[in-house]
Every structure is written in C-alpha cells, then in structure tokens.
Amino acid sequence: MVVVSKPAIEQFSSYLKNNKPTTLFTQIPLVDLSKPDSKHQIIKACEEFGFFKVINHGVPMESISMLESEATKFFSLPLCEKQKTGQPQPYGYGHKRIGMHGDVGWVEYLLLTTNQDPSLHSFQTFRVALNSYMKSVKKMACEILEMMADGLKIQPRNVLSKLLMDEESDSVFRVNHYPPCPNVQPLNGNGNGNGDVIGFGEHTDPQIISVLRSNNTSGLQISLREGSWISVPPDQTSFFINVGDSLQVMTNGRFKSVKHRVVTNSVKSRLSMIYFCGPPLSEKIAPLPSLMRGDQQSLYKEFTWFEYKKSAYKSRLADNRLIHFEKIAAS
C-alpha cells in the first residue's frame with residue numbers, strides 16, 4: 001500500500017494538470033506472432049508508433065496468472081516485509097520515489113536483474129513464478145527481435161536477439177503496483193479525466209525493447225508523434241512492446257522509442273510486469289551497418305550500453321537521454 005499525504009497527491013497531479021485531455025485509442029497496431037508475415041506489421045508499427053500489441057505470443061496463461069497472483073500477495077504485505085527484499089539501489093523494493101533525481105509517482109515496485117536468481121529469499125513461490133514467466137517472455141522477445149530482423153532484411157537474423165541471449169545480457173525485470181487513488185476523478189467514456197494523478201511519469205525506455213503485460217486496469221498512455229497523448233485499452237491476455245532508445249540508435253532513427261506514462265485509477269489497482277531487454281554492458285550501440293544506405297551518415301555517436309545506462313541514471317524521467325549522444329550536423 002502506498003500512503004501519501006494530500007500535498008504529495010497534489011504534487012503528482014501537477015504533472016498532468018496542463019496537458020490536453022487524452023483520448024482512448026482503439027487502433028493499437030496488432031501483431032499475431034503465429035503468422036510469419038507479421039514481420040511487416042512489426043516494422044510498420046515500429047516506424048509509426050514505436051509500440052504494438054502481440055497476440056498468440058506463446059506465453060502460458062498459467063504462468064501469467066501465477067506471477068500476477070504472487071505479485072498481488074507480495075504488494076499486500078506490510079511495508080516492513082516488502083523492504084526485506086532490499087532498497088532500490090537500483091534493485092529491490094521501492095515506493096513513491098523513482099530514481100535518484102526527484103521523480104515521484106503513485107507507485108510501489110520491485111526492480112530485479114534477470115541474469116541471476118531474484119533476491120526474494122523469503123518468497124520461494126514468488127521466485128518460482130518469476131523464473132517461469134521470465135523464461136517464456138525472454139523466448140517471445142527473441143522471436144520478436146528475429147522477426148524484426150527479417151522485416152528489416154538484415155543478416156544474421158539473430159543480430160538483435162543474440163544480445164538478449166548473451167549470458168552477460170543486462171536485462172531487467174520490473175513489477176509495478178499502482179494502488180487505487182481516491183483523489184482521481186474516474187475516466188469518462190472517452191478516456192478523459194479531470195483529476196489525473198501520475199503513477200509513473202512520462203519517459204522512454206533506454207533498452208532495445210520492453211515487453212509489458214498488465215492486469216485489466218487502464219492507466220497506460222503513449223505519446224503520438226505530434227505530441228498528443230492516447231490511452232491504451234488494457235488487455236490482460238496480450239503483451240505490449242515498446243521500442244527503446246537503443247533500438248532507435250541501432251536503426252539510425254528509423255524506429256523511434258515511444259514516450260509513455262501511467263496515470264492512476266480511482267477504484268482499481270493496476271499491476272504491470274515489464275521485461276526490459278538489454279544488451280551486455282560492454283556492447284557497442286551504433287546504427288547497424290546493414291541498415292545504412294549509400295553515403296547515409298550516422299545520427300549518433302557510438303557508445304557502450306554501460307555508458308548509456310550510466311548517463312540514464314543521472315537523468316530525470318522525462319529527459320531526452322539520447323540528446324547527449326546525437327551527432328551535430330555540419331553547417
């Protein structure tokens with residue numbers, strides 16, 4: 001349970017107060033992973049939205065339900081029990097505070113590394129559920145990255161997925177819990193609300209892609225290219241894929257990382273589970289040579305994932321992290 005004073009609630013609300021109302025967006029790009037020709041829809045969605053929904057994903061519903069159940073139990077525990085998993089430095093349990101530079105939200109969360117057993121020593125069933133879920137989601141993510149490579153006509157087709165399969169892959173798993181917020185005015189039929197409280201502020205994800213799944217509670221919003229915000233209808237049986245900053249660089253800006261945020265619900269809690277697909281820390285991030293045409297120039301300086309991650313940790317959520325790595329065009 002997140003307990004926050006009224007002044008703090010007003011602080012969260014101020015993040016959205018001056019933004020235009022959002023609309024419910026029902027035309028999210030849909031990708032059926034059981035169809036090989038879906039690679040073309042993936043490319044189109046990454047170019048136009050940086051975001052899409054996947055069905056027939058192969059992740060067992062039993063695995064999804066088990067992890068959701070265990071996560072719900074965990075977040076229902078007293079604060080002192082949850083804090084036994086460790087303070088978020090950066091991994092562990094955290095609430096309200098997001099990062100080290102003043103960002104706050106109506107949220108509590110667990111942030112875990114994926115390349116070793118989660119540090120939930122007192123929560124054996126939760127650990128088993130996490131490991132089972134992450135194994136299936138990692139497999140799906142690799143499939144998506146290989147279909148993406150096919151759609152981009154680059155070889156080898158594992159040029160992206162091998163970064164995730166590498167035993168040094170710096171992938172991260174996050175479970176967010178957004179409790180009901182009594183100060184929020186319910187959304188109307190168009191997805192608009194006048195009292196939105198921020199759950200997780202606007203940002204892009206720094207990794208290659210992010211694989212998101214949530215319960216059947218609304219709250220996720222994405223920003224379109226022209227700057228307007230749209231509400232994404234929840235779908236607890238499907239997954240949503242975000243293009244991350246690293247993939248934007250690797251495609252030399254052809255794909256754009258999607259800016260997104262979460263607003264709270266007045267009645268129901270929202271639980272989301274995100275697998276952030278990261279490369280090894282030593283991996284050099286730069287446009288893929290096979291995607292460069294003729295005398296096309298790179299828009300970005302080459303950097304390692306460690307350098308970018310270090311830079312991201314020093315930034316605020318809403319900052320444009322890539323700006324420090326863009327090449328300045330010659331005048």
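In this structure, N320 contributes its side chain and L322 its backbone to a donor-acceptor pair below 3.5 Å. No side-chain donor-acceptor contact under 3.5 Å links N176 to the backbone of L110. The closest donor-acceptor contact from the side chain of S65 to the backbone of E62 lies at 3.5 Å or more, if one exists at all. Without hydrogens or angle criteria, Q296 side chain to R293 main chain gives a donor-acceptor distance under 3.5 Å. Looking at Q297, its side chain does come within 3.5 Å of a backbone N or O of D295 through a donor-acceptor pair. A donor-acceptor pair under 3.5 Å is absent between the side-chain atoms of T85 and the main chain of G92, judged by distance alone. Without hydrogens or angle criteria, T251 side chain to Q248 main chain gives a donor-acceptor distance under 3.5 Å. Within the 3.5 Å criterion, the main-chain N or O of T72 finds a donor-acceptor partner in the side chain of S76. A donor-acceptor pair under 3.5 Å links the side-chain atoms of D235 to the main chain of T237, judged by distance alone.
Going from atom OG of S238 over to atom CG of L212 covers 11.0 Å, rounded to the nearest 0.5 Å. Note that CD1 of I241 is 15.5 Å distant from CZ of F49, once rounded to the nearest 0.5 Å. The distance from atom CG of N216 to atom NZ of K268, rounded to the nearest 0.5 Å, is 6.0 Å. Atoms CD1 and CZ, on I222 and R261 in that order, are 11.5 Å from each other to the nearest 0.5 Å. Within the model, atoms CG of L224 and CD of E48 stand 11.0 Å from one another, a figure rounded to the nearest 0.5 Å. To the nearest 0.5 angstrom, H203 atom NE2 is 12.5 Å from D319 atom CG.
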Exercise. Check the pair S161 / E146 against side chain to side chain donor-acceptor pair (under 3.5 Å), numbers first and verdict last.
Key: CA-CA 6 Å; S161 64; E146 290 177 0; 2.9 Å; yes
Quiz prompt | Working for side chain to side chain donor-acceptor pair (under 3.5 Å), residues N252 and R254 | solution = CA-CA 6 Å; N252 204 33; R254 181 173 171 181; over 6 Å; no
Quiz item: Would M165 and K138 count as a side-chain contact (heavy atoms from CB on, under 4.5 Å) if you check the C-alpha gap in whole Å, the side-chain angles of each, and the deciding distance to 0.1 Å?
Solution: CA-CA 8 Å; M165 291 302 296; K138 180 179 180 179; 3.8 Å; yes
Quiz item: When you look at R316 and D103, which way does the salt bridge (Lys or Arg N to Asp or Glu O under 4.0 Å) test go after all the steps?
Solution: CA-CA 7 Å; R316 297 288 301 268; D103 289 298; 3.2 Å; yes
Quiz prompt | Working for side-chain contact (heavy atoms from CB on, under 4.5 Å), residues V262 and W106 | solution = CA-CA 9 Å; V262 175; W106 188 266; over 6 Å; no
Quiz item: What's the verdict on salt bridge (Lys or Arg N to Asp or Glu O under 4.0 Å) for K310 and E307, showing C-alpha distance, side-chain angles and the deciding distance?
Solution: CA-CA 5 Å; K310 184 178 179 181; E307 290 170 332; over 6 Å; no
Exercise. Begin from the C-alpha positions of I208 and W305 and carry the test side-chain contact (heavy atoms from CB on, under 4.5 Å) through to its verdict.
Key: CA-CA 10 Å; I208 302 171; W305 170 239; over 6 Å; no
Quiz item: Would Q41 and D32 count as a side-chain contact (heavy atoms from CB on, under 4.5 Å) if you check the C-alpha gap in whole Å, the side-chain angles of each, and the deciding distance to 0.1 Å?
Solution: CA-CA 9 Å; Q41 290 151 292; D32 185 342; over 6 Å; no
Quiz item: What do the steps show when you test K96 against E108 for salt bridge (Lys or Arg N to Asp or Glu O under 4.0 Å), and what is the final call?
Solution: CA-CA 6 Å; K96 296 182 291 185; E108 59 179 337; over 6 Å; no
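Looking at every heavy atom in both residues, R225 comes nearest to G50 through NH2-N, 3.7 Å. In terms of heavy-atom proximity, L163 sits nearest to M250 at CD1-CE, 3.7 Å. Taking every heavy atom of both residues into account, H324 and S311 meet most closely at CD2-OG, 4.3 Å. For M147 against P36, the heavy-atom pair with the smallest separation is CE-O, 4.0 Å. Between F123 and L77, the shortest heavy-atom distance links the atoms CE2-CD1, 3.4 Å. In terms of heavy-atom proximity, A312 sits nearest to R321 at CB-CD, 3.4 Å.
Aromatic ring centres of Y109 and Y93 lie farther apart than the 6.0 Å criterion allows.
R213 forms no cation-pi arrangement with F240, by the criterion of a distance under 6.0 Å to the ring centre and an angle within 45° of the ring axis.
Under the 4.5 Å side-chain heavy-atom criterion for grouping Ile, Leu, Val, Met, Phe, Trp and Tyr, V137 is not connected to M66 through any hydrophobic cluster. There is a path of hydrophobic side-chain contacts, each under 4.5 Å, that joins F306 to Y308. Taking hydrophobic clusters as Ile, Leu, Val, Met, Phe, Trp and Tyr residues chained together by side-chain heavy-atom distances below 4.5 Å, I323 does not share a cluster with L247. Side-chain heavy atoms closer than 4.5 Å link hydrophobic residues (I, L, V, M, F, W, Y) into clusters, and following such links, possibly through other members, connects Y300 to I154.
More than 12 non-hydrogen atoms from other residues, nucleotides or ligands lie less than 6.0 angstrom from CD of E226.
If you run side chain to side chain donor-acceptor pair (under 3.5 Å) between D205 and each of S246, S210, S257, only S210 comes through. Applying side-chain contact (heavy atoms from CB on, under 4.5 Å) to L152 and the options I42, L291, L288 leaves one that passes, L291. For the side-chain contact (heavy atoms from CB on, under 4.5 Å) criterion with F173, the lone passing option out of I274, T113, T114, V211 is T114.
The pair K44-E47 fails the salt-bridge criterion, with no side-chain N (NZ, NE, NH1 or NH2) lying under 4.0 Å from an Asp/Glu carboxylate O. Residues K39 and D150 are not paired through a salt bridge, judged by the lack of any N-O separation under 4.0 Å between the basic side chain and the carboxylate.
The shortest side-chain heavy-atom distance between T217 and P234 does not fall under the 4.5 Å cut-off. The side-chain heavy atoms of K256 and V243, taken from C-beta on, include no pair separated by under 4.5 Å. Under the 4.5 Å side-chain criterion, counting only non-hydrogen atoms from C-beta, V263 is not in contact with Y178. Side-chain contact between T304 and I285: absent, with no pair of heavy atoms (C-beta onward) separated by less than 4.5 Å. Using a 4.5 Å heavy-atom cutoff, the side chains of V54 and M140 are in contact. Inter-residue side-chain proximity for P180 and N265 is flagged as unmet; no heavy-atom pair is nearer than 4.5 Å. The shortest side-chain heavy-atom distance between I43 and F255 falls under the 4.5 Å cut-off. Residues S223 and H260 have side chains not in contact (no heavy-atom distance under 4.5 Å, counting atoms from C-beta outward).
Side-chain contact check for D245 and T204: at least one donor-acceptor pair (N or O, by modelled atom type) lies under 3.5 Å.
Taking the six-membered ring where tryptophan is involved, the planes of F126 and F74 are tilted, since the angle between them lies from 30° to 60°. Relative ring orientation between Y133 and F239 is described as tilted, the plane-to-plane angle lying within the 30° to 60° band.
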